[in-house]
Amino acid sequence: MNEKNLEFLKDQVQYTGFGNSMENVLRENLLKGEKEFKINHELKFGSDTIGTTLNFKKSDQSDIYFFNSYQVNLHKDDSKEALQQTFYINKSNNITAKEAYNLMEGRSVNKDLKNKEGEVYNAWIKLDFKESDTSGNFKINHYHQNYGYDLEASLQKHPIKELENPQYKEDLLNSLKKGNLQSVTFVMGDTEKKQFVEANPHFKTVNVYDGSMQRINTREHKDQKQTESEQNSKGKEVKQNNDADSDAPDSGQKNNTRKKKHSKSI
């Protein structure tokens, strides 16, 4: 058995998000020396459990094994059938298990990818559950940089407290790029409310959910933000008017002064 190959596979599996508990089962399969083998593994994300099958194959020219792909099976309570998708392993920038789960949940992930010429490009990817290829995989839609989606600008349209802190903002952006549904704090007047956001590159926006995970119409936030802006403007106008009134002399005092001057001339 090739020990370096074992170490390589162990690290590759770990970095792809499957943990560090597979060394023994990898060793057992490498010792068998079969042409290919599979490892079944369960992962838990929140209250969801997904089944995965990791596929390994031996090189035709040597005793080296390669981690070629993994299949994800996600069964939702409101679905009769489990969703299945195979994710392929490349030399770098692989879709991690958590990112695969997020894609299966219908969210979008931002990745640095390579084209056929080996050139690196950045894109948002999202599964199209309405269209499948010949192998049964869902089509993957790509939203390249020239598509014009600006995640940070989309977030700035909402009163999100975390955007005020550079480190919190960076963490929020990174989490959303991984496809996570991220909790944030919405500041509404004098109150703060916990809500959730996810990236939506297709419509160049972010989806917003309340604490009960009910989708919120972004129009409501726009109207609310406009109302708050109008209230702030009115508050400023009232303050300016009050300041102006306090600076101006009282009209009654003016009349009394005139009367006094007039009486004196008499």
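The structure displayed is predicted, hence computed values, not measured ones.
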Between Asp210 and Gln214, does a side chain to side chain donor-acceptor pair (under 3.5 Å) hold up when you go through it step by step?
CA-CA 5 Å; Asp210 63 18; Gln214 296 298 312; 5.8 Å; no
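Aromatic ring centroids of Phe56 and Tyr65 lie 6.0 Å or more apart.
Ser135 and Asp133 are linked by a side-chain donor-acceptor pair at a separation below 3.5 angstrom, with hydrogens and angles left out of the test.
Between Thr52 and Gln71 there is no side-chain heavy-atom pair separated by less than 4.5 Å.
With rounding to the nearest 0.5 angstrom, the NE2 atom of His41 is 9.0 Å from the CD1 atom of Ile50. Atoms CG and CG, from Asn2 and Asp63 in turn, are 5.0 Å apart once rounded to the nearest 0.5 Å. Going from atom CG of Asn110 over to atom CD of Glu99 covers 9.5 Å, rounded to the nearest 0.5 Å. With rounding to the nearest 0.5 angstrom, the CG atom of Asp112 is 5.5 Å from the CG atom of Asn93.
Cation-pi geometry between Lys204 and Tyr147 is met: under 6.0 angstrom from the ring centre, within 45 degrees of the axis.
Aromatic ring orientation, His142 versus Tyr121: tilted (interplanar angle from 30° to 60°).
Considering Asp128, Leu83, Leu103 as possible partners of Phe138, the one that fulfils the side chain to side chain contact (heavy atoms under 4.5 Å, CB included) test is Leu83.
Salt bridge Lys10/Glu7: present, at least one basic N to carboxylate O contact under 4.0 Å.
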Show me the side-chain donor-acceptor pairs of residues 12-21 shorter than 3.5 Å, one per line, residues at least two apart or across chains.
{"unit_1": "Thr16", "atom_1": "OG1", "unit_2": "Gln12", "atom_2": "O", "d": "2.5"}

Pairs under 3.5 angstrom only: tabulate donor-acceptor contacts from the side chains of residues 160-174 to other protein residues two or more places apart or in another chain.
{"unit_1": "Lys161", "atom_1": "NZ", "unit_2": "Glu192", "atom_2": "OE2", "d": "2.9"}
{"unit_1": "Glu162", "atom_1": "OE1", "unit_2": "Thr185", "atom_2": "N", "d": "3.0"}
{"unit_1": "Glu162", "atom_1": "OE2", "unit_2": "Thr185", "atom_2": "N", "d": "3.2"}
{"unit_1": "Glu162", "atom_1": "OE2", "unit_2": "Thr185", "atom_2": "OG1", "d": "3.0"}
{"unit_1": "Asn165", "atom_1": "OD1", "unit_2": "Gln167", "atom_2": "N", "d": "2.9"}
{"unit_1": "Asn165", "atom_1": "OD1", "unit_2": "Tyr168", "atom_2": "N", "d": "3.1"}
{"unit_1": "Gln167", "atom_1": "NE2", "unit_2": "Asp171", "atom_2": "OD1", "d": "3.0"}
{"unit_1": "Lys169", "atom_1": "NZ", "unit_2": "Glu152", "atom_2": "OE2", "d": "3.0"}
{"unit_1": "Asn174", "atom_1": "ND2", "unit_2": "Glu170", "atom_2": "O", "d": "3.3"}

Side-chain donor/acceptor pairs under 3.5 Å, residues 25-40, sequence neighbours excluded:
{"unit_1": "Arg27", "atom_1": "NH1", "unit_2": "Glu3", "atom_2": "OE2", "d": "3.1"}
{"unit_1": "Asn29", "atom_1": "ND2", "unit_2": "Val25", "atom_2": "O", "d": "2.7"}
{"unit_1": "Lys38", "atom_1": "NZ", "unit_2": "Asn55", "atom_2": "OD1", "d": "2.9"}
{"unit_1": "Asn40", "atom_1": "OD1", "unit_2": "Thr53", "atom_2": "OG1", "d": "3.0"}

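Hydrophobic clustering of Ile, Leu, Val, Met, Phe, Trp and Tyr side chains at less than 4.5 Å, counting indirect connections, unites Phe45 with Leu54.
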